[in-house]
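Please read the structure below before turning to the comments.
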Amino acid sequence: MLLSSEASASVACFVSFGEAKGEHSDPEIVLEDITLTNDEVITVLTNLNNNKAHGPDGIPARLLTETSSQIAPSLCALFNKSLRCGVLPDDWKLANVVPVHKRGEKSYIENYRPISLLSLISKVHERCVFHNIQHHVFQQINPCQHDFVPRKSCVTQLIEVFEQIGRKLDNGKQIDVIYLDMSKAFDKVSHAQLMHRLHKFGFRGNLLNWFSSYLSNRNQQTTIGGATSRSLAVTSGVQQGSILGPLLFLLYENHLSESVGNSSIATFADDTKIFKTVNNVSDASSLQKDLTNFEENSSKANLILNAQKCKVMRITRKHHKTEYPYKLHDAVLESTVHERDLGVWTSSNLTWSKHIEDQCAQTTKMLGYLRRSTLDTKTISIRQRATRSADPDGLKSTTPKCRTATFQRSFISRCARVWNVLPKELTTKNISLGRFKIGSEHLQIGSEHLRRRKS
């Protein structure tokens with residue numbers, strides 16, 4: 001089947017850009033059509049989270065899960081027809097956008113992340129498509145990418161990066177790390193360039209037409225406090241809250257790492273850092289060249305780097321560092337000795353005192369709140385359940401006294417494989433930051449291990 005005129009135009013517009021960058025020719029494996037089965041649809045339906053919010057159509061997840069066997073054949077036929085025709089129904093392109101607070105003052109709109117609540121039926125469709133194309137996509141994703149990729153996470157990225165940096169630091173070297181921040185990267189994805197990237201990844205025919213329809217004619221409306229705004233057209237970006245959105249973003253920015261030739265690069269979605277061993281000014285100049293190349297290519301992809309949030313850290317134990325004024329948009333980047341990297345505080349001497357102190361402060365604050373909230377509760381089991389309900393990693397303990405400290409240990413042990421050589425001790429022993437009285441019980445957990453790590 002030939003490409004639609006819209007998809008063909010999108011691909012043709014950026015062929016010259018790809019050729020200019022020396023990107024590889026069409027991949028050996030081409031994906032034109034996929035066909036879903038009833039079993040696939042039933043599996044996705046039954047695995048829906050009944051607590052998830054519904055989309056603009058108002059169809060709840062519980063209705064879909066409890067009737068999965070009855071509605072799966074009809075939905076499967078509908079999904080397959082959509083894929084054969086290369087058209088996604090317009091009713092599935094409307095999203096309710098809910099602002100979710102990220103950090104900082106809640107009165108500033110820039111401190112919120114827009115999350116799209118889509119029709120759950122459309123998300124079932126997306127999930128089925130995702131399962132059929134993920135292998136084709138992930139085998140072409142650059143190895144430096146660690147987000148949304150199977151068997152990778154922020155922990156794997158940090159361990160990989162700090163392993164390289166640590167070995168060089170032990171040899172007395174200086175490593176300059178440049179932390180890059182993209183402004184609203186997910187919202188600025190160019191649909192035309194994304195279609196070109198899909199073509200480069202081997203999508204053709206009906207499936208490429210379907211993606212063109214998936215991206216076009218989308219609308220969104222803001223929902224907050226029970227009120228809903230009028231809908232507006234979405235002319236760029238991928239939906240945050242969709243199933244295919246993160247995958248499409250990885251496809252879109254996958255080529256940017258190719259612009260870094262003299263240094264190392266590590267990415268986690270739109271969070272990027274470029275680092276290099278700097279023995280002299282010439283090495284620093286090479287790092288600056290890679291930074292310039294990356295900025296130029298990201299700007300062509302409409303992913304603009306925010307110079308005010310980009311920083312440079314010089315990791316070394318030398319008394320006399322090689323200082324170099326790294327620039328972005330003609331502005332000298334701020335130099336820092338502490339930087340929060342994927343949730344872990346990193347220091348210029350590669351010690352973890354700053355991170356441990358921050359985790360201790362946050363944990364003490366949360367446990368204090370938990371204790372104050374349960375002062376009027378006389379039943380110790382309820383207090384224990386309240387603590388265990390805040391256990392994001394599902395860590396289990398064997399004694400009631402340990403279970404009351406579950407949240408504290410799980411919070412401290414986040415990314416512990418990166419900064420703690422013996423993370424198991426934080427989850428299996430009674431290690432805490434102090435003493436917290438809950439009812440008649442006392443949590444007496446020594447902080448000797450943490451003090452040893454800080455020193």
Side-chain angles (χ1 to χ4, degrees), residues 27 29 31 34 40 43-44 47-49 52 95 100 102 113-118 120 122-161 179-191 193-198 200-203 207 210-211 214-215 218 236-258 260 265-274 294 297-298 301-303 341-344 392-393 414-415 417-418:
I29 301 176
L31 197 58
I34 58 175
E40 289 181 80
T43 300
V44 176
N47 288 329
L48 285 175
N49 186 348
K52 289 290 186 181
V100 176
K102 295 188 295 184
R113 175 183 290 107
I115 300 298
S116 299
L117 300 180
L118 302 167
L120 292 177
S122 72
K123 294 184 75 171
V124 172
H125 191 188
E126 288 187 46
R127 177 67 69 183
C128 293
V129 173
F130 176 87
H131 287 162
N132 282 269
I133 68 172
Q134 59 178 340
H135 178 71
H136 177 79
V137 172
F138 287 138
Q139 65 182 358
Q140 301 181 68
I141 293 295
N142 196 299
C144 70
Q145 178 61 253
H146 285 254
D147 199 11
F148 308 121
V149 179
R151 295 179 296 278
K152 288 188 177 183
S153 65
C154 59
V155 174
T156 61
Q157 196 233 58
L158 291 173
I159 289 178
E160 182 178 299
V161 171
Y179 296 92
L180 302 178
D181 180 86
M182 294 180 182
S183 300
K184 301 185 181 300
F186 281 77
D187 298 329
K188 293 186 177 181
V189 171
S190 165
H191 291 170
Q193 292 192 46
L194 179 55
M195 289 302 301
H196 167 65
R197 298 303 306 167
L198 285 165
K200 280 290 182 182
F201 266 72
F203 291 96
L207 193 54
W210 186 86
F211 275 112
Y214 175 87
L215 294 170
R218 300 198 75 99
S236 66
V238 292
Q239 300 285 345
Q240 297 188 60
S242 64
I243 306 300
L244 293 174
L247 186 68
L248 293 175
F249 182 80
L250 295 189
L251 286 168
Y252 185 74
E253 59 93 48
N254 189 62
H255 67 290
L256 295 182
S257 58
E258 297 173 4
V260 177
I265 184 172
T267 59
F268 192 81
D270 57 333
D271 291 328
T272 304
K273 48 181 169 281
I274 304 174
F294 185 90
N297 285 302
S298 63
N302 204 35
L303 302 177
D341 185 7
L342 302 183
V344 176
D393 294 332
R414 183 182 183 276
C415 292
R417 293 177 181 85
V418 177

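Heavy atoms only: backbone and side chains are in, while hydrogens, waters and symmetry mates are out.
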Completion exercise
For A95 and Q239 the tightest heavy-atom approach is CB-OE1, 4.1 Å
Practice task
Please identify each residue that fulfils ring-ring contact (aromatic ring centres under 6.0 Å, His included) with Y214, with sequence neighbours left out.
Solution key: W210
Exercise for the section: Can you measure from CZ (R197) to CG (L251) and round to the nearest 0.5 angstrom? Expected result: 8.0 Å
Fill in the blank from the handout: Between V260 and I274, the two heavy atoms sitting closest are CG2-CD1, 4.0 Å
Exercise for the section: Keeping the roles fixed (side chain from N254, backbone from N142), state whether a donor-acceptor pair exists under 3.5 Å. Expected result: yes
Handout entry: For K123, all residues meeting salt bridge (Lys or Arg N to Asp or Glu O under 4.0 Å), sequence neighbours excluded
Key = none
Exercise for the section: Can you sort out the partners of Y252 under side-chain hydrogen bond (donor to acceptor under 3.5 Å, both in side chains), two or more places apart, ordered by chain and number? Expected result: none
Fill in the blank from the handout: With sequence neighbours left out, the residues meeting ring-ring contact (aromatic ring centres under 6.0 Å, His included) with F249 are F186
Fill in the blank from the handout: Heavy-atom closest pair (V44 atom, C128 atom, distance to 0.1 Å) is CG2-SG, 3.9 Å
Practice task
Check the pair L248, L194 against side chain to side chain contact (heavy atoms under 4.5 Å, CB included), reporting the backbone distance first and the verdict last.
Solution key: CA-CA 8 Å; L248 293 175; L194 179 55; 4.1 Å; yes
Problem - CE-OG distance between M182 and S298, expressed to the nearest 0.5 angstrom - result: 5.5 Å
Problem - Between CG on residue L207 and CG on residue L31, distance to nearest 0.5 Å - result: 5.5 Å
Problem - Backbone of P143 reached by a side-chain donor or acceptor of K152 within 3.5 Å - result: yes
Completion exercise
For N302, the side-chain hydrogen bond (donor to acceptor under 3.5 Å, both in side chains) test, sequence neighbours excluded, returns none
Handout entry: Non-hydrogen side-chain atoms of H131 and T43 separated by less than 4.5 Å
Key = no
Exercise for the section: Mark yes or no for whether S116, through its side chain, and L118, through its backbone, hold a donor-acceptor pair below 3.5 Å. Expected result: no
Exercise for the section: Measure the spacing between CD of Q134 and CG of L244 and express it to the nearest 0.5 Å. Expected result: 11.0 Å
Exercise for the section: Decide yes or no on side chain to side chain contact (heavy atoms under 4.5 Å, CB included) for V189 and L215, but give the supporting numbers first. Expected result: CA-CA 11 Å; V189 171; L215 294 170; over 6 Å; no
Handout entry: Side chain Q140, main chain F201, donor-acceptor under 3.5 Å
Key = yes
Practice task
Decide side chain to side chain contact (heavy atoms under 4.5 Å, CB included) for D147 and D271; before the verdict, give the C-alpha distance in whole Å, the side-chain angles of both, and the deciding distance to 0.1 Å.
Solution key: CA-CA 9 Å; D147 199 11; D271 291 328; over 6 Å; no
Exercise for the section: Measure the shortest side-chain to side-chain distance between L247 and F148 over non-hydrogen atoms and say whether it is less than 4.5 angstrom. Expected result: no
Handout entry: For A266 against V161, the heavy-atom pair lying closest together
Key = CB-CG2, 3.6 Å
Practice task
Would you sort out whether K188 and S183 count as a side chain to side chain contact (heavy atoms under 4.5 Å, CB included), showing the intermediate values?
Solution key: CA-CA 8 Å; K188 293 186 177 181; S183 300; 4.2 Å; yes
Practice task
Would you confirm whether S236, through its side chain, and D187, through its main-chain N or O, come within 3.5 Å as a donor-acceptor pair?
Solution key: yes
Exercise for the section: Grab the two heavy atoms, one from T156 and one from H146, that are nearest each other, plus how far apart they are. Expected result: OG1-ND1, 2.9 Å
Handout entry: With F211 via ring-ring contact (aromatic ring centres under 6.0 Å, His included) - residues at least two apart
Key = F203
Problem - Spacing of D181 atom CG and T272 atom OG1 [to the nearest 0.5 Å] - result: 9.5 Å
Fill in the blank from the handout: To the nearest 0.5 Å, atom CG of D270 lies from atom CG of L256 at 11.0 Å
Problem - Atom of I29, atom of Q139 and distance for their closest heavy-atom approach - result: CD1-NE2, 3.7 Å
